[in-house]
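Keep in mind it's a predicted model, so treat the numbers as computed, not measured. Nothing fancy with the numbering, it's 1 onward along the sequence.
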Amino acid sequence: AYPLRDETESADDLVVRPRWEYHAIAADAPLGSNRQNAAMFTESVELYDLIYSTIRSYGAEAEQIDVRLRELHPNCRTILDVACGTGEHARLLVESFGYEVDGLDLAPDFVRIAQSKLPDRQFVVGDMAAFHLERRYDAVICLGSSIGYLLNLETVQRAFECFRAHLSANGVLIVEPWFPPEQMES
C-alpha cells in the first residue's frame, strides 16, 4: 500500500522496477489476442466465485484491506476497485465495512456480475491502463495480482498514472503484486 500525500507526487514515485518480465495479457494488446488469452476467465465466469473461494479468503482479505485503509487514511469512505472481477471484494467492503465501492474490469461479464451484487454502485468496463471516470476516490485498490497482466513497465506506469488520477488528496493506493518483495530479491 502506498499512501499518496499530495497532488505533486506522480506515478513515477510509485512504480517498483522488478527484475522479472511480465508474462501475461498486455492491456494494449490487439483485441483478438486479449480475447483469446482472457478466454480462461470468460468461459468460466459463472463459476469464478466458486472456484476462487477455494483458494482465496475474500472475507479475510476484505478485513485486511479495511485495517490497512484505517491505518493509512482513517476517514476513507470511497474506494475504486480496479480489476474488480465479479465484485466479491467490493461487496464485502460495502456490506461488512460500510465503504462506498465502485469497480472497473476489462471483462464485461465480470462487470455484469459485480453490478448485480451491488446494484447501487457503479461498475464499468475499462482497461486499468487507460480509463477515465468522473470522480476521485479515497482509495484505489487493485487486487488478485491483476497488475501482473500488464506485459511491460510502460503499461504498468500508465496504470499507476490512471490510479493516481482517480485518487483524492491524501488518497491511498493498494496493489497486490504477483510476487512479494522478498521473492523479488531472491
Nearest heavy-atom neighbours spanning [X] and [Y]:
X: Ile147; Y: Ala159; value: CD1-CB, 4.2 Å
X: Ala114; Y: Cys84; value: CB-SG, 4.4 Å
X: Ile141; Y: Leu143; value: CD1-CD1, 3.9 Å

TODO: State whether the number of non-hydrogen atoms from other residues, nucleotides or ligands found under 6.0 Å of Arg77 atom CZ is greater than 12.
DONE: no
Task: Gln115 atom CD, neighbour heavy-atom count above 12 within 6.0 Å - done: yes
Open item on the list: Quick one, Tyr137 with Ile79, criterion side chain to side chain contact (heavy atoms under 4.5 Å, CB included). Give me CA distance, side-chain angles, the key distance, then yes/no.
Closed with: CA-CA 5 Å; Tyr137 297 84; Ile79 300 172; 5.6 Å; no
- [ ] Please assess Phe160 against Leu173 for the test side chain to side chain contact (heavy atoms under 4.5 Å, CB included), listing each intermediate value before the final yes or no.
- [x] CA-CA 9 Å; Phe160 274 80; Leu173 171 61; 3.6 Å; yes
Could you measure the distance from the [atom1] atom of [X] to the [atom2] atom of [Y]? Nearest 0.5 Å is fine.
X: Lys117; Y: Glu95; atom1: NZ; atom2: CD; result: 9.5 Å
X: Thr78; Y: Asp138; atom1: OG1; atom2: CG; result: 3.5 Å
X: Arg164; Y: Arg136; atom1: CZ; atom2: CZ; result: 6.0 Å
X: Gln64; Y: Glu176; atom1: CD; atom2: CD; result: 9.0 Å
X: His166; Y: Glu161; atom1: NE2; atom2: CD; result: 12.5 Å

Heavy-atom check, side chain of [X] versus side chain of [Y], under 4.5 Å:
X: Leu69; Y: Ile65; value: yes
X: Leu106; Y: Val111; value: no
X: Asp81; Y: Tyr99; value: no
X: Leu118; Y: Phe123; value: yes
X: Arg158; Y: Leu150; value: no

Task: Trace of the side chain to side chain contact (heavy atoms under 4.5 Å, CB included) decision for Met128 with Cys142 - done: CA-CA 9 Å; Met128 76 170 79; Cys142 182; 4.3 Å; yes
- [ ] Identify whether the distance between the nearest side-chain nitrogen and carboxylate oxygen of Glu88 and Arg91 falls below 4.0 Å.
- [x] yes
When you measure from the side chain of [X] to the backbone N and O of [Y], does any donor-acceptor pair fall under 3.5 Å?
X: Ser96; Y: Leu93; answer: no
X: Asp66; Y: Phe97; answer: no
X: Ser145; Y: Pro177; answer: yes

- [ ] Let me see the working for Arg121 and Asp102 under salt bridge (Lys or Arg N to Asp or Glu O under 4.0 Å), right down to the final yes or no.
- [x] CA-CA 6 Å; Arg121 303 305 313 156; Asp102 293 336; 3.0 Å; yes
- [ ] Could you give me the CA-CA distance, side-chain angles and deciding distance for Leu80 and Leu133, then say whether side chain to side chain contact (heavy atoms under 4.5 Å, CB included) is met?
- [x] CA-CA 10 Å; Leu80 175 61; Leu133 304 176; 3.8 Å; yes
Open item on the list: Which residue in the set Val124, Val82, Val125 passes side-chain contact (heavy atoms from CB on, under 4.5 Å) when paired with Phe131?
Closed with: Val82
